[in-house]
Each structure stands twice: as structure tokens, then as C-alpha cells.
Amino acid sequence: MRGICQMEESELIRKRKEKIAGIRAAGIDLYPNDARVKNTSTELKSRFGNMEQESLTQIQETFSLAGRLMAIRNFGKASFVSIQDRKGRLQAFIHKGLITEPHYALFKRLDVGDIVYVSGRIFKTKTGELTIEAQEIRLLAKSVHPLPEKWHGLTDVETRYRQRHLDLIMNPDVKEVFYMRSRIIKLIRDFMEERDFLEVETPMMQAQAGGATAKPFKTYHNALGMELYMRIAPELYLKRLVTGGLERVYEINRNFRNEGISTFHNPEFTMMEFYMAYATYEDLMDLTEELFIFIARNLFGVLQFTYQGTEIDLTAPWLRITVKEAIIQYMDVAPGVLDDQSQAVAFSRQLGLEVDEKEALGKILMIIFEEKVEKNLIQPTFVTQYPVEVSPLSRRNALNPNFTDRFELYICGKEIANAFSELNDPDDQRGRFLMQLREREAGNEEAHQMDEDYIRTLEYAMPPTAGEGIGIDRLVMLFTDSASIRDVILFPQLRARDE
RNA sequence: GGGACGUUAGCUCAGCUGGUAGAGCAGCGGACUUUUAAUCCGUUGGUCGCGGGUUCGAUUCCCGCACGUCCCA
């Protein structure tokens, strides 16, 4: 990254350090901790922003504000400074005649980027801007490094991600995204609590990385002398809790998958998973619609919003379509082709897809779906009836046991949620794990492992249950119109840099 | 993993067919009592991502590497 290695030698830094030495020599604490801040920028603006200057002169009260000095506009004896706190910005007026000599001397030594405190009465300038008239100004923390340019700000994406503090200081929209993220997660919690779900936490470090098909990160516990895996999903633990009688549980937490990084993938990402006893995957489609609508209503007040230039409409009911129907709709293929393994191989090869001649029919369907269909699903769409081969933990459909009672939710061509009626027959579950083991032996590193402990849990009888996982980062991307997952994760994974 | 593009002052960016680098902002000095990208005058600041090669000479052309962005897998 530009500059960072030479920062020690930069002239700007040298000058700044000399200035700091001077302030120190004058006996001023560079990092005091005794300021008591009474007000915030937006609070003062909402209280006094609409009042006229004549009314403000009647107010004798003294207000105080602290934050980062973002601009200094100097006019000889008078100066205007812009102070940014967590809520926004407020201007302060510093006049040589209105503050003590030592305070003014200190003010002249301050730099943009410093953390300061001002207190004084409130007034409006002749341009109508609400301003604190400083009776006191203090330095609360001295900045050594200069801030990026005031007008263009910080745009270099690498610096924005590696030095997120700078991004947050310079780009108010970034702060807004993370306020939104927090609000969305709170709304989800409210929604789940309203429906009597219990929030729980299950292990991040697992002896076996189960509950999904993905490559895990491996770690080692010294005292136990055992290898552990960072979880790829909480699923099997949450279903143990349902078996234990908790019946409605959810967890919002991190999953870790040892895979590539893209605008939609970060190796650690946040997932909400929830399980609801005595419900089916169809119930969860209704619940998912309700949840998204609840969030949109609270955020926007309406169910229509724009994601990257595309108008999204969350008005229920959303389209519900099976995997096979979706392929037929978008690929113009005779239905029979998708029921016959060899015809399906031929068809996918026609489409230019690389498919092994002996590949299971269900896998072929998914390859076609993922390659050719997925990207077309712009408005919210539940894709249902996934092949049993790719759904080792899902309940079989009663009418067609080669498919499962499962759905994935697509919006803007991206998978946002994955849900199914849970497989609670321990014998069938064992058979599915054995099928996965064969795949693992055939070289599929992502295939699920045998989990005898989980099967034993099922043998105690898990109630009929439906469960779902919702990718929180992708959800936040959607609602904040963010193009990259890195824009909704404060510290996205980047390659380490040599210092 | 493959492809395209990028990396020049603290920040945002110019830099043409190769001749040892410019602007704006920031900084520093000065003027200024209501500005808000303040203004005006003056001025400092660069291992042109790193390493090779071609050349009398490379920020510029070629190769490799690093990091990043986007697209594809």
C-alpha cells in the first residue's frame, strides 16, 4: 500500500512530531482522560437547528461536544472548525477574544485529525449554521498522521479495508452501512423473539466440521492434544438442542469456510441458523417472507428497493418453483430429459458444461441449475425440491424420494438462504452419511463425514423439524445496496503484507 | 486457478512517440473578525510497488514477482 512503509520518514510526520514535542514542553497533557461530554452534534442540531438566532441568544446554557477535528477555517482572530462525533458534525467558532490566552495558544497548535473538546453557548452564524461558540477548547488526543484529503476523501479500496478506521473517519456512508447492519440484526432478533425462538451459542471449534459441505480450517488444541476444526455450520449442534426439547432455537454467529474469496465470499461470514420443531420447509417459506418484509418495512417503510440498479419487490407471495421446473423454464428442454441420467448428461454437454458420464442425475441437475439458471432469479424466488444427492441432511419428499423437502432463496441471482425439513430418521441419516463417505473416498474433500454421535442423538428421536440458514452478510448487502461483501464486513480478509 | 485493469507526494490524480516528474488539497511561512472544498501571496515535499532485461538513457518498452480491484472457474 502506498506510503505506509515510508511514513516514519515523511516530512509531514516529522513536523507533526516536532509540534507534539512543543505541546508537551508547554506542560499540556496530550492524552487527558477527564473530559465530560454532555452533548452530541445531531442532538444539538435537532434541538436548536430550527430556531432563529434571536431565540438562541436567550439560551444561557453551556453545551459541550467532543470529536475529531475535520476542518479548520482560519480568519485571523476568528476561526471556524468542524468537529465530527459518532453522530455527525457540528461547527465550532473560536475567537481570540472569547477564550483564554492559553486556550487560544493551544488552539493554534491543533491539527486536523486531533480529538478535541469544546464547550460554550450555541448560536447561528449569518449563513444560518448552528455553531458552538467556544468558551473552552481542549485537546483530548493528538493525531500524528495526517488525514486523507478533505474533498476526495479516501477512495483507495485497499487502504479502506486495511485501515478501516480511516475509512470510517473519512466516509460517512461507511458508518451508515454498519449502523444498518446492526439494526438489521437487531430486527432479526426481535422477529425471532416474537416467535418464541431462543438464541443460543454452539461450538465454533468442532472435532468434526459437519452440517454443510465445505472445506474447513484446521487448528490444534494443545492441552487436549487433538485436532479441531473451525465450524462450517452450527447445524448438527442446533438439532441436538431441538432433540433436547428446546424446540425453537436460533444462532447468529460466524462460520468459517476454507474457500476462495470474492465479492460474495469471505472466509469467515455471519450466518443465522434457526430450527423450528413441528414445522415444515413450507412453513419456513412463509416465515422467511414475513422476516424479510418485517426488515424492509422497518428500514424503508416499503417493500420495494433498489439493489445495484435493479428494483427488488418483496411483496408476498414470492415465486416458488422446483429445481427441475426452474431449469425447464429457463432452458427450453423437454421435461423427460431431466428424469433420465444419460439424456441429462447429453443435454448438459450440449450446454457446454463439463459433466462426468457417470455423474448422479441429481448432481447433473444442480450443475445445470447453478451454471445456467441461478443468475436469472432476480426477484425473490424459492427454489424447492433439491436432489437427495446434494442434500445429505434433508428429509426426502414423500412423493418422490429422490428429492428432498428443501428450498434455497434466491434474490438478484444470489443464494441468500437455504432451508429444509430436517431428516430425523437415524437409519436414513446413516445411509446418507455412508453415501457421503463414498464421495469422500472418491476424492470429494467437501463431502460430509460420518457422525456417529449425531446419529445417536437422532436415535433418541428428534421431533419433526424444519431449519434454515440465512447469510447475514448477503442480506445486509441487499438492504444496503452494497456491491461487495467487503463493504458489509468491517475487517474483510486480505492477504498479509510484508512490513 | 485463468483473464483484464491498476500501483506516481500524506490524500485525489495528470504525466503523449523513452531524455532523471506535475497539479489540487494537506503541510510550512505570511495576510485576513461569520467561513463552510473559505480566499489571497509565497513555499517544502518523490527509491514513480519490488526485482531483472533492452537502451547512451526507463515512471514510460519487455519479462518476472508482490499487493489490490473487477470478471470468469
Side-chain angles (χ1 to χ4, degrees), chain A residues 1-20 22 41 45 53 56-57 69-84 88-99 104 107-114 122-134 143-163 165-167 169-171 215 258-266 308 351-355 367 370-372 374-375 413 482-487 492-499:
Chain A
M1 175 177 25
R2 283 177 267 167
I4 208 127
C5 301
Q6 282 89 40
M7 264 189 188
E8 283 305 301
E9 291 120 68
S10 138
E11 197 206 350
L12 283 174
I13 306 295
R14 257 197 344 266
K15 277 259 154 56
R16 195 65 75 91
K17 284 184 171 167
E18 282 167 21
K19 200 182 257 186
I20 288 168
S41 57
K45 276 183 183 166
Q53 167 59 6
L56 291 174
T57 55
L69 203 49
M70 295 303 288
I72 301 174
R73 293 181 287 276
N74 217 298
F75 296 85
K77 293 190 180 88
S79 297
F80 293 93
V81 301
S82 185
I83 295 171
Q84 176 170 288
R89 287 187 186 190
L90 194 74
Q91 178 173 268
F93 180 66
I94 319 287
H95 194 286
K96 198 176 179 182
L98 295 171
I99 58 177
Y104 193 72
F107 167 66
K108 296 308 262 182
R109 301 173 114 149
L110 295 181
D111 294 295
V112 168
D114 291 348
I122 201 92
F123 78 108
K124 267 192 179 170
T125 64
K126 70 182 185 191
T127 56
E129 179 159 347
L130 192 71
T131 304
I132 279 200
E133 185 184 80
S143 161
V144 179
H145 297 290
L147 289 181
E149 199 222 355
K150 62 187 170 190
W151 185 239
H152 296 93
L154 179 68
T155 61
D156 181 83
V157 282
E158 187 174 358
T159 310
R160 286 185 46 219
Y161 298 145
R162 286 191 196 273
Q163 298 196 66
H165 58 282
L166 274 183
D167 192 25
I169 291 167
M170 298 309 298
N171 300 319
K215 285 183 211 161
N258 208 338
E259 294 165 353
I261 293 175
S262 78
T263 45
F264 282 85
H265 298 85
N266 195 61
Q308 301 293 296
L351 297 173
L353 303 172
E354 276 184 40
V355 174
I367 291 168
E370 282 166 16
E371 292 300 319
K372 300 291 178 185
E374 209 176 85
K375 58 175 177 281
S482 299
S484 169
I485 198 167
R486 294 178 202 100
D487 294 326
Q493 196 63 51
L494 297 179
R495 216 176 280 268
R497 292 204 65 123
D498 301 335
E499 286 300 322

- [ ] Could you check how far CD1 of A:I122 sits from C1' of B:U34, rounded to whole Å?
- [x] 15 Å
Task: Sidechain-backbone polar pair: A:D167 side chain, A:Y161 backbone, donor-acceptor under 3.5 Å - done: no
Open item on the list: Using whole Å, what does the distance between atom C1' of nucleotide B:G45 and atom CD1 of A:I13 come to?
Closed with: 13 Å
- [ ] Calculate the interatomic distance between A:R16 atom CZ and B:A26 atom P; express it in whole Å.
- [x] 13 Å
TODO: Can you figure out which of B:C70, B:C32, B:G68 approaches the side chain of A:N74 most closely?
DONE: B:C32
Task: Interatomic distance where CZ belongs to A:F264 and C1' belongs to B:A73 [whole Å] - done: 16 Å
Open item on the list: Using a heavy-atom cut-off of 4.0 Å across all strands, would you classify A:E371 as base, sugar-phosphate, or nothing?
Closed with: sugar-phosphate
Open item on the list: Taking any heavy-atom pair under 4.0 Å as a contact, classify A:G153: base, sugar-phosphate, or nothing.
Closed with: sugar-phosphate
Open item on the list: Checking base pairs now: Watson-Crick or wobble, both atom distances under 3.5 Å. What partners B:C48?
Closed with: none
TODO: Tell me which nucleotide among B:U69, B:C32, B:U12 gets nearest to the side chain of A:D156.
DONE: B:U12
- [ ] Kindly point out which of B:U44, B:U34, B:C28 is positioned nearest to the side chain of A:D111?
- [x] B:C28
Task: Closest-nucleotide ordering on RNA chain B, the 5'-leading residue of A:P146 and A:A71 - done: A:P146
Open item on the list: Taking the minimum atom-to-atom distance to the side chain of A:E149, which one of B:G10, B:U33, B:G45 wins?
Closed with: B:G10
Task: Watson-Crick or G-U wobble partner of B:A38, both distances under 3.5 Å - done: none
Open item on the list: With the stacking rule set at 5.5 Å and 30°, tell me whether A:F80 counts as stacking on B:U35.
Closed with: yes
Task: Residue-phosphate contact under 4.0 Å: A:K19 side-chain N/O, B:C28 OP1/OP2 - done: yes
Task: Step-by-step side-chain contact (heavy atoms from CB on, under 4.5 Å) determination, A:I132 to A:I122 - done: CA-CA 5 Å; A:I132 279 200; A:I122 201 92; 3.9 Å; yes
Open item on the list: Once hydrogens and angles are ignored, does a donor-acceptor distance under 3.5 Å link the base of B:U35 to the side chain of A:Q91?
Closed with: yes
TODO: Name the closest nucleotide to the A:H152 side chain, picking from B:G10, B:U12, B:C11.
DONE: B:U12
Open item on the list: Looking at A:S79, I'd like to know whether one of its side-chain N or O atoms comes within less than 4.0 Å of OP1 or OP2 on B:C32.
Closed with: no
TODO: Please state the C1' separation for the pair B:G18 and B:U55 - nearest whole angstrom.
DONE: 9 Å
TODO: Please determine if a side-chain N or O atom of A:S262 lies less than 4.0 Å away from the OP1 or OP2 oxygen of B:C70.
DONE: no
Task: Nearest listed nucleotide, side chain of A:K126, among B:U34, B:U12, B:G68 - done: B:U34
Open item on the list: Taking pairing as Watson-Crick or G-U wobble with both contacts under 3.5 Å, can you name the mate of B:G27, or confirm there isn't one?
Closed with: B:U43
Task: Donor-acceptor contact below 3.5 Å, side chain A:R160 vs main chain A:L154 - done: no
Task: Donor-acceptor under 3.5 Å (A:Q53 side chain, A:K124 main chain) - done: yes
- [ ] Could you tell me whether A:L147 contacts a base, only the sugar-phosphate backbone, or nothing, with contacts defined as non-hydrogen atoms closer than 4.0 Å?
- [x] nothing
Open item on the list: Can you work out whether A:G128 or A:K15 has the more 5'-proximal nearest nucleotide on RNA chain B?
Closed with: A:K15
- [ ] To the nearest Å, give me how far apart CD (A:E18) and P (B:G45) are.
- [x] 15 Å
TODO: Consider the side chain of A:V157, meaning its heavy atoms from C-beta on, and name the nucleotide among B:G68, B:A73, B:C11 that approaches it most closely.
DONE: B:G68
Open item on the list: Quick check on B:U35: is either OP1 or OP2 less than 4.0 Å from any side-chain nitrogen or oxygen of A:T125?
Closed with: no
Open item on the list: Is it the case that the side chain of A:K375 and the backbone of A:E371 share a donor-acceptor pair, with hydrogens and angles ignored and the cut-off at 3.5 Å?
Closed with: yes
Open item on the list: Could you check whether A:R14 pairs with A:E18 (Lys NZ or Arg NE/NH1/NH2 to Asp/Glu carboxylate O, under 4.0 Å)?
Closed with: no
TODO: Identify which nucleotide among B:U33, B:C70, B:A66 has an atom closest to any side-chain atom of A:K77, counting heavy atoms from C-beta outward.
DONE: B:U33
Task: Whether A:S41 side chain and A:G88 backbone form a donor-acceptor pair below 3.5 Å - done: yes
- [ ] Could you tell me whether the phosphate oxygens of B:A38, OP1 or OP2, come under 4.0 Å of any side-chain nitrogen or oxygen in A:R73?
- [x] yes
Task: Closest to the A:K150 side chain, choosing from B:A26, B:U33, B:U69 - done: B:A26
- [ ] Tell me the partner of B:U33, counting only Watson-Crick (N1-N3 plus N6-O4 or O6-N4) or G-U wobble (N1-O2 and O6-N3) with both under 3.5 Å; none if nothing fits.
- [x] none
Open item on the list: Output the rounded distance in Å from CZ (A:R486) to C1' (B:G68).
Closed with: 9 Å
- [ ] Report the distance from atom CD1 of A:I72 to atom C1' of B:U34, rounded to the nearest whole Å.
- [x] 17 Å
Open item on the list: Does B:G68 have its OP1 or OP2 closer than 4.0 Å to a side-chain nitrogen or oxygen of A:R495?
Closed with: yes
- [ ] Give none if B:A4 has no partner; otherwise give the nucleotide forming a Watson-Crick or G-U wobble pair with it, both distances under 3.5 Å.
- [x] B:U69
- [ ] Report the C-alpha distance between A:L69 and A:D111 in whole Å, list the side-chain angles of each, state the deciding distance to 0.1 Å, and finish with yes or no for side-chain contact (heavy atoms from CB on, under 4.5 Å).
- [x] CA-CA 7 Å; A:L69 203 49; A:D111 294 295; over 6 Å; no
Open item on the list: Only pairs with both distances under 3.5 Å count, Watson-Crick or wobble alike; so what is the partner of B:U60 in this structure?
Closed with: none
- [ ] Mind calculating the distance between CD1 (A:I261) and P (B:C71) to the nearest angstrom?
- [x] 15 Å
Task: A:R162, nearest nucleotide to its side chain (from B:G68, B:G24, B:C70) - done: B:G68
